[in-house]
Structures are given as C-alpha cells and as structure tokens.
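Scroll down for the structure; my scribbles are underneath it.
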Amino acid sequence: MLYINCPHCGMRSQNEFSYGGDASVKRPELNKELSDQEWDNFVYNRKSLRGKHLEFWQHISGCRQWIKVERDTATHEIFKTFKADEEVA
Amino acid sequence: MQKYSIFNLVKNAFSNHQNWDLAWKDPTPKEEYDVVIIGGGGHGLATAYYLAKEHNITKVAIIEKGWIGGGNVGRNTTIIRSNYMHDENGLFSEFGMDLWRKMSQDLNYNVMFSPRGIINLAHSDAQMNAYARRGNSMRLNGIDAVLLNREQVKEIIPMADFSDNVRFPIFGGLMQPSAGTARHDAVAWGYARQADSMGVDIIQNCEVIGFDVSAGKINGIRTSRGNIKAKKVGLCVAGSTNILAEKLNMTLPIETHLLQACVSEPIKPVLDNVVTFGAGHFYVSQSDKGEMVMGGDLDGYNSYAQRGNLPTLQHVLTEGIAMMPFLSKLKMLRTWGGIMDMSMDGSPIIDKTHIEGLYLNCGWCYGGFKATPASGWTFAHTIAQDRVHELNAGYSLNRFSTGHLIDEKGLGTKTWIS
C-alpha cells in the first residue's frame, strides 16, 4: 500500500487516489507553430524513468485536487508531494 | 543435440539420467556477431531461433541481464489466443496460433499447448452486440469464434454466478475454441535449447550498459562483460525498453507498468477453459496442477518494481468473486508481478528505427506471452531482411505520428486507465 501525503488533506492511502501520469510533460503553448514531433512528444512519448519520477495523482476520493508526487518507480518510495501549480525545483 | 524421445528417456534411465546433454551452453561472449538480440525472454529467444532456422543466420548472441526466462515469460498467465477484431492484430496472432500448434514438434520440447478455448463473458445487450461484431471480424480473418447465449455459457461454466440478483448478470459470451494455454517456462527453454543447438550464443548475467553508434549506424554494444561488435542489434526487453532507449537518446510511446498475477491452492479439475470477466478486467484458468491462475488490471502507476501492491490484487479478485463466487473459498498460494511495456494504443511495436541496424520489439502490454512465436518470427524477418513483414507492417513505430493507431479495445492513449 502506498501512502500519499496530499498537500491539502494530509497522509492518505493510495485507495483514495487515481494516477495521472508523468508530470514533467508540458503541453505545447497555444497559438504557436508546432511540428508533429512536438505533438508526439506531448501526447505519446514518455521517458518512463526508473528511479525518481515526478507524476500527477488526483485525490479522487478526497479533496478531488490534482497533486504532484515525487516517487521512486523502482522502490515506490515517495519523497515529496506538491500542489499541482507548485513549481518543482 | 540429443533428441528428447521415449527411446532416449529409456536409454538414459540406465545411467540414472546423469548423462543428459546440457540443454544449452554457457559461452563467453565473442568479439563480434552478425546479430545481437538484447533480452533473453520468450521473444528474444524465439527471434534468435527463427533467425537461425528461417534465415540461416547463426552468428547470433542473446544478451541477458539476469537468466533466460526470468522476466515476463516466467511471470505470465500462459493464455494463448487470437480473438482480435482489427486485421493487424487478428492476422498476426492467428499466424502465431499456427506456430503454437506445431511448437512442441518443432522444438522437440513439450510446451503443453492446450487449446481449451477462451470465453469472454458479456454482461449487457450492448456488449453482446460488440462481441457479435468482433466475432464476425475474427471469422472474416479465418479465426474461429462462437457467440454463446446465456444457456450455452451456463452449460460450459456452471460454476459462474448465474443467479438473478447480481450486479453484472451474464448475458452470454464470445468463445474462441482454438485458444488455450501452454507451459510458459517450456516455451523459453524449448526455444533456448534449439537456438543453442543451431549455434546461437546465449549469454546470461550480462548487462547492456551502452551502445556504440556512429554516423547513424549501430556498430555494437557495451556490456558488463565487455564490448561486443554487431552488425545488427535487436531490442527485446519488454519492461526495460525505456531504460535502453534512454541510452540511445530515444523517447518511445511506452511506459513501464506493473502487472500482477496469482494462483490459488491446487484443487480438483473444475474449469476447462480460460474465462474473462466482461465488466472489468479479470481472467482465470486452471493449471494442470489444479491451481486457479488469475490476473487482471495493472497496478496503475509507472513501476519497475516487479512486485505488486495489495489494493490492485484485492480489486481484481473482487471481480473474480463476482464472476465465480466459489473462488472466495480458495486460499491464495502465490502472487507475483512483472513489468509491462505499455504502449500508448495498447498494441505492440516491431519495427526498424532511425538508427541503421537497430531494431525494436516492444509494447506488448498484457499480451506478450501468446505473441511469442509470431513476434520472434516477424522480428527475425525484420532483422534478417532489413524490412518489415506484412504481418508486422501495422506495428510500426511511426504510427503514433501518422495517426494509424491500432486501438483494439478503444483504450486510446491511456492504457492503464481502463
């Protein structure tokens, strides 16, 4: 069982959350000329890192907020959690 | 190579089975190979076998970080089927079914292929319509499919929940009678033994740490046991695809996720077929030892852990108990997990890459085991001829750019969300 520290609600079990994928992916800016490659990178291509991975989760059975979680994909250790709009250094 | 036969079995009995040849050797890596296959799983071993058998390329090495057959080919639920709607998947898998039927003879190794049939249960009229459509598509591609009504399903699996008071009543199902199961380890060992006998070097405990690429062309690989030159390199590493892709500066439409399976204690024969729940993701069959073999959803988040987490197992087994209530009486014997190369449309990739001499085989999602022979056969063709075969032409890497996705189950880009 993973325990995720929701920045809004505190420590909760993973049962309350749903996963939202890689949080380091940035949506291309609107009104900018884009190549197919850039869209591909946004929509499909993922690094899927082994080790420290920044990812989105939604506290779906809690405050329903999206949050960012820094987690190790090999050990499942969670290092830190952030609000969705918080900048991650 | 010593043939496995009743005569050799009797002959070796006189020496207490102490003098059998080793099934495969343990060679030290040579300096150079024509083809290096990275990944000694089912697909990698099959690729090497078909390179030797179909294309007469025997200066081949399989490079495996751990031991052969220790990854997903040893961790799956052994289901073999070709019940796909789309042509790309259907024709590819049905070609594989033919290879499965001949495999034990072909490899001189009993892979215990058991075509016991698979039944996908339907729980609504809409789902019955969808199954009728898929069944018709299958039959147009020469794959056997039978649409069963509720009574027919009840006759085959009376132990499923047919009471009136259930959340997901069984309306019927789609059956592929020629689908089935096989002994997963035997598949890996059978391919390994034959490949080895034809001159393929199976190199275990050898980790790939880098690639030697110059002027857009692959020249070799760097491993924990030294550098190896190679004219061609094939990647067959399932859940580790992204790790190796990073060393090649490639980003792929693949994420690595965790998939669990489990078996119950062994019980007397109760279930003849493979059965899948239609209102969620759960499947079950009974092994020859009597264990109920079960699996279902991904754990749901990127993972390289190769071991699962309880909430998902609980969720999956809840579906199982909804489908077949007697399962709740069984004790769990073992659970385990493997790491899946989940592609963004749920279909695999077998293709060339932008690097000359580098070939990619990945994205098998939930369905890697049954694809083992067809994947190896087409990947060997792609490597040997330096062009894709028509069977794997749809499994291209650039389909994500061109929009030719093969979204068999309509799961779209987030295969783990279903």
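Just so it is clear, the model here is predicted, and its values are computed rather than measured. Just so it is clear: chains get the letters A, B, ... in the order the sequence lines come, proteins before strands, and each one is counted from 1.
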Review point. For B:Glu246, does the CD atom have more than 12 heavy-atom neighbours from other residues, nucleotides or ligands under 6.0 Å away?
Key: no
Review point. Got a second to check how far B:Leu310's CG is from A:Ser13's OG, nearest 0.5 Å?
Key: 11.5 Å
Check your understanding: OG of B:Ser303 to NE2 of A:His76: how many Å apart, nearest 0.5 Å?
Key -> 2.5 Å
Exercise for review: Report the option among A:Asn41, A:Asp36, A:Leu2, A:Asn15 that has the most heavy-atom pairs separated by less than 4.5 Å from atoms of chain B.
Suggested key: A:Leu2
Revision key, fill the gap. If you tally heavy-atom pairs under 4.5 Å between each of A:Ala74, A:Ser18, A:Gly51 and chain B, the highest tally belongs to A:Ala74
Exercise for review: Write down the atom of A:Thr75, the atom of B:Arg307, and the distance for their closest heavy-atom approach.
Suggested key: O-NH2, 4.3 Å
Exercise for review: Step through the shown structure and confirm whether more than 12 heavy atoms of other residues, nucleotides or ligands are within 6.0 Å of CH2 on B:Trp67.
Suggested key: no
Practice item. Sort out for me which of A:Glu55, A:His53, A:Gln14, A:Lys47 touches chain B most, counting heavy-atom pairs under 4.5 Å. Key: A:Gln14
Exercise for review: Could you tell me which non-hydrogen atom of B:Asn302 sits nearest to which non-hydrogen atom of A:Ser48, and how far apart they are?
Suggested key: ND2-OG, 3.7 Å
Check your understanding: Quick one: CE on B:Met344 to CG on A:Asp40, what's the gap to the nearest 0.5 Å?
Key -> 11.5 Å
Practice item. Can you tell which part of B:Leu258 gets under 4.5 Å to a heavy atom of chain A, answering side chain, backbone, both or neither? Key: side chain
Check your understanding: How many angstroms lie between CD in B:Glu255 and OH in A:Tyr44, if you round to the nearest 0.5 Å?
Key -> 13.5 Å
Revision key, fill the gap. Note: B:Ile243 and A:Arg50 closest approach over all heavy atoms is CD1-CD, 3.4 Å
Practice item. Please state whether the side chain, the backbone, both or neither of B:Leu252 comes within less than 4.5 Å of a heavy atom of chain A. Key: backbone
Review point. Hey, is NE2 on B:His404 packed in by over 12 heavy atoms from elsewhere, all under 6.0 Å?
Key: no
Exercise for review: Check each atom of A:Trp57 against the heavy atoms of chain B and say whether the ones under 4.5 Å are side chain, backbone, both or neither.
Suggested key: side chain
Check your understanding: Taking everything shown except B:Lys217 itself, do over 12 heavy atoms lie less than 6.0 Å from its NZ?
Key -> yes
